[in-house]
Amino acid sequence: MKSHLRDLLTQAIEKTAKGEELKMTDLPPLLLEPPKQKEFGDLACNVALIWAKQQRKPPRAIAEAILKNLEDRDGILARAGIAGPGFLNFSFSPKFYYQRLGEFAAGKELEPNLGRGEKVQVEFASVNPTGPLHVGHGRVAVIGDVLARLLGAVGFDVEREYYVNDAGNQMEKLGLSLYLRYRELYGEKIAFPEDGYPGEYVKKLAADAGRQWGEKFLSEASDATIAFFSQYGGENLLAAIRSDLSAFGITFDSFVSEKNLRARGEVEETIPLLSDRGMLYEQEGARWFRSTAYGDDKDRTVIKSNGELTYFLSDIAYHRNKLERGFKKLINVWGADHHGYVPRLKAALSALGYDPQLLQVVLVQMVHLTRGGEPVRMGKRQGEFVSLREVVDEVGADAARFFFLMRKSDSHLDFDLELAKKESSENPVFYVQYAHARIASIFEQARQAGLEVDDVIMRDIKVECLAQPEEIELIKRVIQFAEVIEESVKELEPHRLVFYLLELAGEFHRYYNRFRVISDDPALTKARLLLVRNVQKVIRRGLNLLGVTAPLKMAARSEETMS
RNA sequence: GCGCCCGUAGCUCAACUGGACAGAGCAUCAGACUUCGGAUCUGAGGGUUGGGGGUUCAAAUCCCUCCGGGCGCGCCA
């Protein structure tokens with residue numbers, strides 16, 4: 001939509017520049033956007049206002065000159081005018097919309113090709129395998145998942161990766177916690193450490209270990225035993241995490257283990273790389289990375305005075321490893337509580353000679369669970385968060401995903417469990433799914449009336465029959481899909497797609513209530529079937545990109561879907 | 001104390017990154033099918049965009065300041 005007008009306008013501006021001897025070089029990129037008020041048309045452009053300042057001419061005069069030079073040979077515009085301080089306002093002709101709808105119906109790609117096969121990586125979830133996923137992790141995971149889906153849809157070669165922190169102190173603490181619970185099984189009174197993992201799942205795992213190995217480890221309280229329990233716990237918990245995610249529709253292309261990274265020596269390799277560039281120094285027996293040289297608040301330790309490597313060093317090595325694999329873009333999806341971590345990692349990339357812009361970090365704020373408006377208490381002290389699994393079991397994967405995506409990621413999310421379960425118009429996910437199912441139902445009706453609905457997409461459709469303003473609006477909304485996807489990807493903001501789908505569904509429901517698709521007029525019926533078929537197509541595609549099912553029937557959580 | 005994020009209708013949030021009279025949903029009130037699914041639709045009320053200053057043709061958006069909320073600031077992970 002924008003691109004068609006942009007071409008016309010660019011030509012007009014070039015011509016104007018020649019005629020008026022204005023300097024093209026000062027011209028900012030053309031901004032076209034739908035005005036808030038409908039009276040101003042479909043798209044507005046502020047170029048005259050911006051240009052005016054640099055050229056020291058009145059904006060309206062410039063706007064007039066541009067308009068005079070506008071040649072709409074194909075008649076795509078119905079109206080072009082000047083308003084207010086010098087905005088150029090444009091409305092497309094119905095003919096233009098009919099053509100776009102025709103392209104759509106003929107199977108034109110729904111998404112623009114922005115990626116052109118470029119390799120990008122999305123790393124997300126990456127939760128330490130020291131416990132089950134909670135709701136906050138679920139939001140991070142879904143946002144990462146949908147970003148990956150969106151990037152793939154616009155032609156990037158996407159890899160989805162999970163980084164497993166399976167080395168270091170936390171794993172040791174897990175191992176120790178498990179081992180202590182294990183000894184407890186056999187009647188021993190233990191003093192559970194303050195910084196251990198207190199969750200019930202630890203006891204459960206310990207009990208499993210007891211069943212499997214009996215008293216074997218009771219007499220062997222060695223480091224090797226702790227290490228064994230660490231590994232045992234880590235593997236089991238990672239498996240549980242993967243199974244929770246998979247029940248939530250989320251899978252990965254690769255898992256990168258920190259332990260392996262260390263074993264391969266990649267972590268230590270980064271030390272000379274940094275020190276050769278003068279980015280490391282010694283202080284009080286430890287080695288520090290000069291991250292302040294690249295804007296971080298303070299320098300960061302990479303090797304502790306006891307010789308242990310920090311997680312930060314592993315992370316540097318890991319991100320170097322990513323870039324060496326040839327990704328042109330790295331996207332990390334993190335909980336917002338890690339935001340302080342971004343500058344040091346970018347600093348490290350800079351220090352290694354990479355462009356820090358290659359890395360984009362999407363921060364995801366936390367989730368407040370409520371039930372009918374009342375907050376759901378989470379006893380953080382007992383280490384008992386509400387798990388992702390519980391939420392998905394209660395409200396279903398579709399609703400949970402949709403709700404997690406309904407807000408901009410850097411704002412807090414209120415998630416009401418009661419609302420998510422409701423099967424009514426209050427529940428946004430049902431509202432959108434219902435629009436899809438309703439269209440399916442129209443086609444079922446048409447089929448029963450003996451109409452050849454399978455051919456409706458291609459043959460002998462008089463789109464000009466769609467003369468109602470509501471129909472033009474609906475076409476407009478449908479073809480806007482590509483732009484919404486583009487914005488969602490560019491800004492890495494999947495919530496834009498969610499809002500779009502809600503609007504499209506709303507527009508369809510209103511249309512449905514006002515007009516009958518199937519009528520006595522065969523030509524009109526066909527044209528309207530074509531229109532709603534394409535509404536349905538876009539809704540289905542949009543829901544799929546969100547990982548939400550598009551049901552053909554809404555009856556009692558139907559499993560029936562179109563893929 | 002320092003840094004980052006947030007503050008928009010009673011509630012939950014949008015606003016295409018500086019554009020024209022700030023928009024939705026929920027809630028409230030009043031309405032709509034003997035025909036395609038009422039899980040829907042129509043209408044009404046509701047705002048000094050936390051306060052104050054500034055930048056400019058134009059500010060919810062950018063800058064300063066204050067208020068309020070969240071998070072982060074370790075040789076933790």
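Below, chains carry the letters A, B, ... as their sequence lines are ordered, and counting in each starts from 1.
- For A:Glu483, the side-chain contact (heavy atoms from CB on, under 4.5 Å) partners two or more places apart in sequence, or in a different chain, are A:Met1, A:Lys2, A:Gln480.
- Nearest to the side-chain atoms of A:Gln445 among the listed nucleotides B:U12, B:C36, B:G70 stands B:C36.
- No option in A:Glu308, A:Glu282, A:Glu268 other than A:Glu282 meets the salt bridge (Lys or Arg N to Asp or Glu O under 4.0 Å) test with A:Arg287.
- The side chain of A:His339 has B:C71 as its nearest neighbour among B:C16, B:C71, B:A77.
- Among the nucleotides B:U17, B:G70, B:C36, the one closest to any side-chain atom of A:Glu493 is B:U17.
- In this model, the phosphate group of B:A77 is not approached by any side-chain N or O of A:Asn128 to a distance below 4.0 Å at OP1 or OP2.
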Item checked: Per-nucleotide pairing state of RNA chain B [Watson-Crick or G-U, under 3.5 Å; [ ] pseudoknot-crossing; | other strand] -> (((((.(..((((.....[...)))).(((((.......))))).....(((((..]....)))))).)))))....
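- Using modelled atom types, one side-chain atom of A:His137 and one backbone atom of A:His134 make a donor-acceptor pair closer than 3.5 Å.
- Qualifying side-chain contact (heavy atoms from CB on, under 4.5 Å) partners for A:Asn260, counting only residues two or more places apart in sequence or in other chains: A:Ser257, A:Arg264.
- Legend: residues meeting salt bridge (charged side-chain N to carboxylate O under 4.0 Å, His left out) with A:Asp416, ordered by chain and number and at least two apart, are absent.
- Partners of A:Glu470 according to the side-chain contact (heavy atoms from CB on, under 4.5 Å) rule, which considers only residues two or more places apart in sequence or in another chain, are A:Gln468, A:Tyr511, A:Arg514, A:Phe515.
- A stacking contact between A:Tyr434 and B:G37 is absent: the pair does not combine a ring-centre distance of less than 5.5 Å to the base's six-membered ring with planes differing by less than 30°.
- Contact annotation for A:Pro59: no contact, since no heavy-atom pair falls under 4.0 Å across all strands.
- At whole-Å resolution of the value, CD in A:Gln448 and P in B:C36 are 12 Å apart.
- At a threshold of 4.0 Å, the pair A:Glu473-A:Arg477 does not count as salt-bridged, since none of the basic side-chain nitrogens sits closer than that to a carboxylate oxygen.
- The stretch residues 505-514 of chain A comes close to RNA chain B through A:His509, A:Arg510, A:Tyr512, A:Asn513, each having a heavy atom under 4.0 Å from the strand.
- Among the heavy atoms of the strands lying under 4.0 Å from A:Gln283 is at least one base atom, whether or not backbone atoms are also near.
- With hydrogens and angles left out, the side-chain atoms of A:Ser488 and A:Glu491 include no donor and acceptor closer than 3.5 Å.
- When the side-chain nitrogen and oxygen atoms of A:Lys36 are compared with OP1 and OP2 of B:C16, none of them lie within a distance under 4.0 Å.
- Nucleotides B:U42 and B:A24, compared at atom P, are 11 Å apart to the nearest Å.
- Residue pairs satisfying the salt bridge (charged side-chain N to carboxylate O under 4.0 Å, His left out) criterion with at least one member in residues 396-415 of chain A, sequence neighbours excluded, are listed as follows: A:Asp145-A:Arg401.
- Contact annotation: A:Lys304 reaches the phosphate of B:C76 (side-chain N/O to OP1 or OP2, under 4.0 Å).
- B:U17 atom P lies 15 Å from atom CG of A:Leu492, rounded to whole Å.
- Evaluation of the salt bridge (charged side-chain N to carboxylate O under 4.0 Å, His left out) rule for A:Arg371 yields A:Glu394, A:Glu418 as partners, not counting sequence neighbours.
- Between A:Ser411 and the phosphate of B:A14, there is a side-chain N or O to OP1/OP2 separation shorter than 4.0 Å.
- Between A:Leu174 and A:Gly233, the shortest heavy-atom distance links the atoms CD2-C, 3.9 Å.
- Rounded to whole Å, atom P of B:G74 lies 20 Å from atom CD1 of A:Ile303.
- Residue A:Tyr431 places at least one side-chain N or O closer than 4.0 Å to OP1 or OP2 of B:C41.
- Atom CG in A:Leu502 sits roughly 19 Å away from atom P in B:G23 (whole-Å rounding).
- Considering only the side chain of A:Asp410, B:C5 comes nearest among B:G37, B:C5, B:G70.
- Taking 4.0 angstrom as the limit, A:Arg528 places none of its side-chain polar atoms (N or O) nearer than this to OP1 or OP2 of B:C36.
- At B:A15, one or more side-chain N or O atoms of A:His495 fall inside 4.0 Å of OP1 or OP2 (strictly under the cut-off).
- Both tests hold for A:Arg533 against A:Phe443: distance to the six-membered ring centre under 6.0 Å, angle to the ring axis within 45°.
- Against RNA chain B, the stretch residues 170-177 of chain A makes heavy-atom approaches under 4.0 Å through A:Gln170.
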Any N/O pairs under 3.5 Å between the protein and nucleotides 46-48 of chain B? List them or say none.
none

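- Sorted by first and then second residue, the pairs that involve residues 161-171 of chain A and meet salt bridge (charged side-chain N to carboxylate O under 4.0 Å, His left out), not counting sequence neighbours, are A:Glu161-A:Arg325.
- Rounding to whole angstrom units, CG of residue A:Asp296 and C1' of B:C73 are separated by 10 Å.
- Residues A:Phe124 and A:Tyr162 keep their aromatic ring centres 6.0 Å or farther apart.
- Distance from the side chain of A:Ser441 is smallest to B:C36 among B:U17, B:A77, B:C36.
- When the ring pair (Phe, Tyr, Trp, His ring centres under 6.0 Å) test is applied to A:Phe90, no partner is found at least two apart in sequence or on another chain.
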